[in-house]
Structures are given as C-alpha cells and as structure tokens.
Number of protein chains: 2
Amino acid sequence: MAKPRRVGAEQSETRTTLLDVTERLMVEKGHAAVSSRQVAKAAGVTPALVHYYFSTLDDLFLAILHRRSKSLLEHLQRLVEQCDRPMRATWNALRDPRNTGLLLEFVSAANHRKAIQHQLAETAQRIRSTQVELLGPRIEAAGLGDAFTPAATITLMNAVAYEMVLERSIGMVYGHDEGAALIEILIDRIDKA
Amino acid sequence: MAKPRRVGAEQSETRTTLLDVTERLMVEKGHAAVSSRQVAKAAGVTPALVHYYFSTLDDLFLAILHRRSKSLLEHLQRLVEQCDRPMRATWNALRDPRNTGLLLEFVSAANHRKAIQHQLAETAQRIRSTQVELLGPRIEAAGLGDAFTPAATITLMNAVAYEMVLERSIGMVYGHDEGAALIEILIDRIDKA
DNA sequence: GTCTATAGTTCGATAGAC
DNA sequence: GTCTATCGAACTATAGAC
C-alpha cells in the first residue's frame, strides 16, 4: 500500500512554478542544491507545499525529466522540419547548458537516486535515437566515410557538447575551440549536402 | 588567522587508507556519498579521525585530486615512452571509470565546493595539455587532415570517453559501439603512422 | 593517534489547522 | 491550496579525554 496522500493537480500554476524554479536551480547550482526548503524559498512558498505537489523529491525530479524531455523532443522535430541547417541547429542546442547541463545534472543525481536512473536512461536513449532518426538521412547523404554512420556521428557531436558544457562549468576550456572547429566542419558538410 | 589545529602527518598509513577509501567511494557511489561518517565507517575508524587528518572535507577532496593527478601524469608519461601504441593505451585509460569517472565526480563536486573548482580546472588543463604534448607529434605525423590538430584530436578522444563513462553509469549505451569504432579508426591510424 | 561526546545545522516528510 | 509545527535522521566540525 503506497501513500494515499493528497497531491496537487497537474494543471496547477503553483506546480508549474515549482518545476520552473527547480529546473533553474539544477542548471545554476546543481541537483544537490535542490531540497524542499531551497525550492520553496526560491518559489516563495513553504516546504510543506512542495511536498503537497510532489510527495517525494524523486517525484519532483521525475516530473521535470518528463516535462523537459517532451519539450526537447518537440524542439528537435521543429529544428529538422523548419531549419535549413538542422545539424548546426542541433549542435547549438546541445551546447546550451539549459539542455545538456540539465541532462548532466540528472546523470549525476541518478547516482544516489536510483528511482530516476531507469527513467533517465530511457529518456536519454529516446532523445538520442530521435536525433539519429531525424538527422540520419542527411548524414548518410553527405557520405563522410564508412565509419561516419548516423549513430556514430550523432554520438560524436553529443560527446563534444557534453565535454564543453562540463568543462566550461569549472572554467576549463583548453582545446574547446579546436574541438568545436572539427565538429563544425562535419556539421557544415552535412548541412550543405 | 586560519586554524592552528592538529593535523596528521602526510606519511601516515591511516591517512593513505582514508584517501583510498574516499576515492573508491567517489567512483562507486559518487562524491555525494563522501561524508566524514561514511568515510570513517568504510575505513573502520571514527568520524573525528577523518577530521584529524583533513580539517574539512574540501581538504580531503583536494588531497585526492593532488595524489591522483600526480600518478595519472606519471602513468601517461610511461604509456607514451614504453608502449608501441600510445594512442590506444591512452584511450583505454580514458575509458576506465577509475580515471575518467573520478574526474567527472570532481567536476560535479565542484558545483557546490567552490574551494576545489580552481584547483580542478588547473589539474584538468595540465592533464589535457600533457596529453597533447606527449601525443601531438604522432598525431601530426599521421596527417589526418588540417582540422585534426593535436588539441582537436585529443579533445575529441576525451569527449567520447567522457560520454561513454557518464552514460554507461546510468545504463545508457546507445551509439557507443559505433562512436568508439570511429575513434578507434583515428587512433589506429595515428599509432601506425 | 584515536576515541567519546556534543553543539549546531540542514534535511525529508508528515500531521493537522485554516 | 497553503500554512505552522514538528519528528527523526544525517551531516560538519570541535573540544577534550585517553
């Protein structure tokens, strides 16, 4: 028997505010800065109200993961459909700490929050495979070489974005410019194919 | 005007044990699992003794960073001097969570421990630039193309290693094989040049 | 060098009033 | 829907005995 406790509605404005505030806290101060007290303070409410909407902190994290992955997948779709340089647009999105930094905080949080680990792996895989499906045809059309399969190329682009967001967060940027230049040559060759 | 408190000697066997235990905790359970209590329990001593050797937890983290970076730099040097496939050897070292996983935990820890941020950036940069200095000549000799400068190539290799260690920690491996294959083609071309 | 004991803090989560 | 009040737990760090 779980917890038959009261839980706030999904449409609540307060609930949305709590999600916004928590997401910002995660990106700016790391997942460890997320506590019911810190979230409450930043949102201008009491800690108890946080627990009213999200019984446990895991629930809060999972709600953010769900909301963010949904909007990110939609964003990816739009990029590819409406943009004439979809690889470049995706690359720019990946370099944004609002996206990749948040994802990396989730990976880090999953270390001690086993409840989100499985959900996170599934989400990360869905995002990655969506990238491959949407951009794969263009990558293949560019004919960069046998090893540059869609999955390999997308993996490479994500890896460099990870590295840059991570290292930049501590103020280490050695090699970033040259690494980015290398990736951008690939990207431009694909976008222009 | 700091703290004129007693501090254990650097040569102490207990001190070394505490460093070993903490390092293992960081790799296996994440930096958040490191508390004076958890370290003490894993080492079979009392929390107060941890503070005897390391006044603050920041001191403990910094001591590990210092010890580990020293041994890692020596290891890199040996790889290049004694191994006939230094790029492959470095790649294998980077894929080991004992190395890259620990570094990533430090990056994550630096989020809330500003005291280690600067030291970490300096250490990461020294490791990276050492890789470039030691392996750069071989990379240039391989003539992979203008964009494949030593710094760009090393950055790429590190990025993919980061990604694999990170994602593997949550059980996400999509694209890893193909991404690794791509890197290994580069590596082998460099090692055989 | 190692311990016991403890002060002071922050946290997750709940009960129950309004 | 939001609050006050609170329990119990884990944490950092210190003082001081042995």
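Because only heavy atoms are used, hydrogens play no part in the values below, and waters and symmetry mates are left out as well, while side chains stay in. Order of the sequence lines fixes the chain letters, A, B, ..., with proteins taken first and strands second; residue numbering starts at 1 for each chain.
- A/Ser12 comes within contact range of no nucleotide atom at all, as no heavy-atom separation falls under 4.0 Å.
- Side chain of A/Thr153 to backbone of A/Thr149: a donor-acceptor contact under 3.5 angstrom is found.
- In this structure, B/Tyr52 atom OH and D/dA15 atom C1' are separated by 15 Å, rounded to whole Å.
- Using a 4.0 Å cut-off, some side-chain N or O of B/Thr46 falls inside it from OP1 or OP2 of C/dC3.
- Distance A/Phe54 CZ to D/dG1 C1': 14 Å, rounded to the nearest Å.
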Run the side-chain donor-acceptor check on residues 130-145 of chain A: report pairs under 3.5 Å with partners two or more places apart or on a different chain.
unit_1	atom_1	unit_2	atom_2	d
A/Thr130	OG1	A/Arg126	O	2.6
A/Gln131	OE1	A/Asn158	ND2	2.7

- Task: Report the C-alpha separation of A/Tyr174 and B/Ser129 in whole Å, then their side-chain angles, then the decisive distance to 0.1 Å, and conclude whether the side-chain hydrogen bond (donor to acceptor under 3.5 Å, both in side chains) test is met.
- Result: CA-CA 8 Å; A/Tyr174 181 91; B/Ser129 61; 5.1 Å; no

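- Residues passing the side-chain contact (heavy atoms from CB on, under 4.5 Å) test with A/Val7, sequence neighbours excluded: A/Ser55.
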- Yes or no on salt bridge (charged side-chain N to carboxylate O under 4.0 Å, His left out) for B/Asp58 and B/Arg113, after CA distance, side-chain angles and deciding distance? CA-CA 7 Å; B/Asp58 282 343; B/Arg113 297 186 172 275; 2.9 Å; yes

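- A straight line from NZ of A/Lys41 to P of C/dG12 spans 13 Å, rounded to a whole angstrom.
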What does the list of N/O pairs under 3.5 Å between the protein and nucleotides 7-11 of chain D look like, with a distance for each?
unit_1	atom_1	unit_2	atom_2	d
D/dC11	OP1	B/Ser35	OG	3.2
D/dC11	N4	B/Arg37	NH2	3.4

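- For DNA chain D, none of the residues of residues 16-27 of chain A falls under the heavy-atom distance limit of 4.0 Å.
- For A/Tyr53, the side-chain atoms get nearest to D/dT2 when compared with the rest of D/dT2, D/dA13, C/dG12.
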- Query: Step by step, would you call B/Met172 with B/Arg168 a side chain to side chain contact (heavy atoms under 4.5 Å, CB included)?
  - Reply: CA-CA 5 Å; B/Met172 143 82 178; B/Arg168 179 167 278 280; over 6 Å; no

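- In this structure, of D/dC3, C/dA13, C/dC3, it is D/dC3 that holds the atom nearest to the side chain of A/Leu49.
- Under a 4.0 Å N-O distance rule, the pair B/Arg128/A/Glu163 qualifies as a salt bridge.
- A distance-only check finds no donor-acceptor pair linking the side chain of B/Asn99 to the backbone of B/Leu94 [under 3.5 Å].
- Using a 4.0 Å cut-off between charged nitrogen and carboxylate oxygen, A/Arg98 and A/Glu23 do not count as a salt-bridge pair.
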Pairs under 3.5 angstrom, nitrogen or oxygen only, protein versus nucleotides 16-18 of chain C, please.
none

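- As a whole-Å value, the separation of A/Asp59 CG from C/dG12 C1' is 13 Å.
- One distance of note links CD of A/Glu28 with CG of A/Leu102; it measures 11.5 Å at 0.5 Å rounding.
- Between B/His51 atom NE2 and C/dA5 atom P the separation is 18 Å, expressed in whole Å.
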Could you go through residues 36-48 of chain A and list every donor-acceptor pair under 3.5 Å that involves a side-chain atom there, pairing it with any protein atom two or more places apart or in another chain?
unit_1	atom_1	unit_2	atom_2	d
A/Ser36	OG	A/His51	NE2	3.3

